[in-house]
Amino acid sequence: MSSYKPEDIESKWQEYWQENKTFKTPEDHDKPKYYVLDMFPYPSGSGLHVGHPEGYTATDILARYKRMNGFNVLHPIGWDAFGLPAEQYAVKTGTHPRETTEKNVNRFREQLQDLGFSYDWDREVNTTDPDYYKWTQWIFLKLYEKGLAYEDDVPVNWCPELGTVLANEEVIDGKSEVGGYPVIKKPMRQWVLKITEYAERLLEGLDDLDWPDSTKKMQRDWIGKSIGADIDFKVADHDEEIRVFTTRPDTIFGATYMVLAPEHDLVDEITIEDQKEAVANYREEAARKSDLERTELSDEKTGVFTGAYAINPATGEEIPIWVADYVLVSYGTGAIMAVPGQDERDWEFAEKFDLPIVRTVQPPEDFEGDAYTGEGKAINSEFLNGLEVDEAKEKIIDWLEEHDAGKKAVNYKLRDWLFSRQRYWGEPFPIIHVDGEPKPVGEDNLPVTLPEMDDFEPTDDGNPPLAKATDWVNTEDPETGEPAKRETNTMPQWAGSCWYYLRYCSPEFEGGPVDSDEEKYWMPVDMYVGGAEHSVLHLLYARFWHKVLYDCGVVSTKEPFQRLVHQGMILGEVEFTGYKHEGNWISANTKDDFEEVERIKLDEEQVEKKGDDFVIEGTEIRVDAKAHKMSKSRGNVVNPDDIVDQYGADSMRLYEMFMGPLEQVKPWSTQDVDGVYRFLGRVWRMIIDEDSGELNDSVTDEEPPKEQLKVLHECIQKVTGDITDLSFNTAISAMMIFVNEANKWDNHPKSVLNSFIKLLSPFAPHIAEEIWYRLGHDETIAYTDWPEFNEEYLVSDTQLYPIQVNGKVRGEIHVPREKAKDKEYVLSEAKAEDNVQRYLEDGNLVKEIFVPERIVNLVVK
RNA sequence: GCCCGAGUGGCGGAAUUGGUAGACGCGUCGGACUUAAAAUCCGAUUGGUAUCUAAAUACCAGUGCCAGUUCGAGUCUGGCCUCGGGUACCA
């Protein structure tokens, strides 16, 4: 072997690492620890796509870097392996989901190993393993014991095609996130987790986390805390009161009607005889509507009058009570006081149904529009008149409390978490029903394993597939021996991923989900890398469970993930698209003017850049130049296996990091992989003689000269700093600069090469191990010491000063190091520079700017 | 609609606290090596103007658009435009 052949050296070192368990997590707790975690992958049938290795390479670089800096590193991987696709495949083909899952996991594992990631494979976990989900069930029992898990009959998102209930967040625009099937509302008995009880703590906990601001904001918005008041409205000629939540109690004098959600409990009771039919029809219609229809029809407000009236506690006047679906039953109290003067939705409704509108906040003089929602002085509000919004709020709340009509209140958008699914391939609940009442099975009876089945279709009446396993369903109460029925729902996929990061700390531990000594050492996760699509759900659910476990004394930290980073999506290759209408080319910017437009994919050679746009070569016809999200249907998916086959894993890793900043969205370009591949080839040839396979003659044992040390230490400084900042793209660029420089040298002292190869090793570990070995080392490079840079080599003998005249660079001078900070000297040299002189001669020097070791600017008038 | 994020060569992208815009890489062009090709290596590569050509030098313009602050703005401020993402009757 002589030239750089990744296929040979990569498999060699992958085998070496595995045989020697190079990356086994150290068991001692003596050194500082670093826990670096990738988001739990779902092992899909299509295998790894190029987005996976992006985050994984970043964490792997950090893991390897930290090991070389003396840390004990926990860098694990595992499988979030329950889930719908394997079950749907089972329904279609009869293949048991376990088989599909096992096959997919094996494929994923192989692909990850081919990329040379330094995971501790002894700590692999799998959510579908009964030894794992035993503890998922155990945690559920804790939730149940604490009253945080309850059964409820709730209108749920029922998807007939998938035969399952979906969580709100799995429904997008009224269609299922998976498959895009229609979703309707249907009441069903469900398990629900009381995440709302933790709303405030989930909100507060965000403050101290080192997370992207946008992610924190999304979580805050999702929790949606708002402060206002609960106000009770008496119903005229009834004993009932209707409670509303409002953030604008100050506008109560403008509350000219009320609205109940169609599902509100009091609707039937208060509706007068004459309106019963209309209201019943409206409610039925609203129930039948899917979320999609509700959204689509949202332009036009609808509603019916109940015939009943409420008494506005502030004005004492009777106001009509309506039913309308623009009020949601699931937020606040499901009822509102409508203040059209200060609320756009109420205004719209009031206009449509001819209800009175009273302004209670003075809009500015130039205000044009309908409802006014801004700041201003109260009007038409008796004792509130003249007060600003905040003052008025305070005063009215005091007034309401005095008159026993309301009180200050806080509300959250966050809803309780619908926690059951009508599926087979998920964790069974550790719950039995005795005489129809739920009862936990008890810790000793865990795990409750899935029964063997070969039919995974739900029953016709919408019961989960597990209902068909009658031998399994019909059991007895382990305590009393009474007949009992098992819960046939299963947990959602989120369950297993809510606590997996804990299991990695002690994957074999049998006394609980996590060994407390290990937990105290390893937690919290120091660096968590994964897609922004999990900004809300996974991260919120996991934080919720973590806080519950904290309350149970299972974990010692209040938050699981101290630092979080989202890798940006990798898009497909840039595509050029031209448009034709009736056979003639049309410009891309006019394509919306035509009804029928034909899209034509163009080659790079067929287009050229003209101004800000790309056009068809030789014409003015604009085309679209865009990189799209990779998708099977578009046919632009890049398979990492192909890149590894063609260029090797080291090039794959290097390219994904070189593309651009980790967190940014970036288009893929296979051609660009050439660049990093050539770089690795240059590294190889700098050290290895291609003919003999021996070290080059230029590789010597001599002491490096100062110029070489300068180049090396600049590289060390840059790479070290950039890894810390996660700026892997510029770290690689720094190594390229080093190699470009070093290739000009006649001699390559081993000490310099050793240091450089260490720098390269977290990025391209295979070639680094091979060269390290050829440089005469017996041990893996993975635990050698990271090179330290020495400031003293970094200083050059001269200092370069660009010389500006009126802010424009007109020349540059080099001054000796010892004079670099000498203002007098530098300025006189600057003025003496030939080109600068011309400008000085033409005007008067009025000001001299001298920034030490940076720049000189002369202001001339 | 609302809330974030981003606009820099043909392309991906660099640029400390405001201090030489375009590092590094791709592509393109030219050259070396070769019978030839591949591979490799060297050089050029923002646009424009001037000095006869070339080399070289100098100047002008230039980081989405328009203003502003400053000795100096890709970077800061205000107003727009475009693209990407999130969210959507949450009272």
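Just so it is clear: chains get the letters A, B, ... in the order the sequence lines come, proteins before strands, and each one is counted from 1.
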Would you tell me if any nitrogen or oxygen in the side chain of A/Lys217 comes within less than 4.0 Å of OP1 or OP2 on B/rG5?
no
Within the 4.0 Å heavy-atom criterion, would you say A/Ser226 contacts the bases, only the backbone, or no part of the nucleic acid?
sugar-phosphate
Here's a test for you: under side-chain contact (heavy atoms from CB on, under 4.5 Å), which of A/Arg220, A/His534, A/His566 qualifies with A/Thr215?
A/His566
B/rG5 and B/rA58: how far apart are their C1' atoms, nearest whole angstrom?
42 Å
Salt bridge (Lys or Arg N to Asp or Glu O under 4.0 Å) against A/Glu200, all qualifying residues, sequence neighbours excluded:
A/Lys225
So, is A/Arg682 near the phosphate of B/rA39, with a side-chain N or O under 4.0 Å from OP1 or OP2?
no
If the cut-off is 4.0 Å, is A/Lys808 near the phosphate of B/rA61, judged by side-chain N/O to OP1 or OP2?
yes
Classified by glycosidic angle (syn within 90° of 0, else anti), B/rG22 comes out anti
With hydrogens left out and only the distance checked, is there a donor-acceptor pair under 3.5 Å joining A/Glu604's side chain and the base of B/rG27?
no
Given B/rA88, is OP1 or OP2 found less than 4.0 Å from the side-chain N or O atoms of A/Tyr331?
no
Could you give the CD-to-C1' distance, from A/Glu690 to B/rA38, as a whole number of Å?
14 Å
What nucleic acid atoms does A/Asn729 come within less than 4.0 Å of, heavy atoms only: base, sugar-phosphate, or nothing?
sugar-phosphate
With a cut-off of less than 4.0 Å, is there a side-chain N or O of A/Arg685 near OP1 or OP2 of B/rA39?
no
Which residue lies toward the 5' end of RNA chain B, A/Val859 or A/Leu414, if each is placed at its nearest nucleotide?
A/Val859
Interatomic distance, A/Met569 CE vs B/rC83 C1' [rounded to whole Å]
14 Å
Ignoring backbone atoms, test whether A/Arg678 places a side-chain nitrogen or oxygen under 4.0 Å from the OP1 or OP2 oxygen of B/rC26.
yes
Just checking A/Asn743: base, sugar-phosphate only, or nothing, at a heavy-atom cut-off of under 4.0 Å?
nothing
Distance between P atoms of B/rA23 and B/rG10 (Å, rounded)
14 Å
Treating a pair as Watson-Crick (purine N1 to pyrimidine N3 plus N6-O4 or O6-N4) or G-U wobble (N1-O2 and O6-N3) with both distances under 3.5 Å, list the stems of 3 or more consecutive pairs that involve RNA chain B.
B:1-7 with B:81-87, B:10-12 with B:24-26, B:27-32 with B:40-45, B:46-51 with B:56-61, B:64-68 with B:76-80
Please determine whether a side-chain nitrogen or oxygen atom of A/Lys666 lies at a distance below 4.0 Å from atom OP1 or OP2 of B/rG12.
no
Using a 4.0 Å heavy-atom cut-off across all strands, classify A/Ser669 as base, sugar-phosphate, or nothing.
nothing
Please work out if A/Asp213 contacts a base, only the sugar-phosphate, or nothing of the nucleic acid, heavy-atom cut-off 4.0 Å.
nothing
Can you tell me if A/Lys609 touches the phosphate of B/rC11, counting only side-chain N or O atoms and a distance under 4.0 Å to OP1 or OP2?
yes
Using a heavy-atom cut-off of under 4.0 Å over every strand shown, decide if A/Ile849 touches base, sugar-phosphate, or nothing.
base
So what does A/Glu812 hit on the nucleic acid, given a heavy-atom distance under 4.0 Å: a base, only sugar-phosphate, or nothing?
base
Using whole Å, report how far CD1 of A/Ile732 lies from P of B/rG12.
18 Å
For a quick check of understanding: with a heavy-atom distance under 4.0 Å over all strands, which category does A/Arg220 fall into, base, sugar-phosphate or nothing?
nothing
Touch class at under 4.0 angstrom, heavy-atom based, for A/Lys413 against every strand present
base
Could you list the donor-acceptor pairs under 3.5 angstrom formed between side-chain atoms of residues 252-262 of chain A and any protein atom two or more places apart in sequence or on another chain?
{"unit_1": "A/Thr256", "atom_1": "OG1", "unit_2": "A/Pro356", "atom_2": "O", "d": "2.7"}
{"unit_1": "A/Tyr257", "atom_1": "OH", "unit_2": "A/Tyr326", "atom_2": "OH", "d": "3.3"}
{"unit_1": "A/Tyr257", "atom_1": "OH", "unit_2": "A/Asp346", "atom_2": "O", "d": "3.0"}

How far, in whole Å, is B/rG79 from B/rG22 if one measures between their P atoms?
32 Å
Does OP1 or OP2 of B/rA6 have a side-chain N or O of A/Gln664 closer than 4.0 Å?
no
Please measure how far the P atom in B/rU8 lies from the corresponding atom in B/rG18, and state the result in whole Å.
23 Å
Pair A/Glu344, A/Thr373 - check side chain to side chain donor-acceptor pair (under 3.5 Å), show working.
CA-CA 8 Å; A/Glu344 281 161 16; A/Thr373 56; 4.7 Å; no
Could you tell me whether the phosphate oxygens of B/rC71, OP1 or OP2, come under 4.0 Å of any side-chain nitrogen or oxygen in A/Arg854?
no
Over how many whole Å does the gap from A/Leu328 atom CG to B/rA88 atom C1' extend?
11 Å
Phosphate contact (B/rU70 OP1 or OP2) by A/Asn857 side-chain N/O below 4.0 Å
no
Tell me what A/Glu344 touches on the nucleic acid: a base, only sugar-phosphate, or nothing, going by heavy atoms under 4.0 Å.
nothing
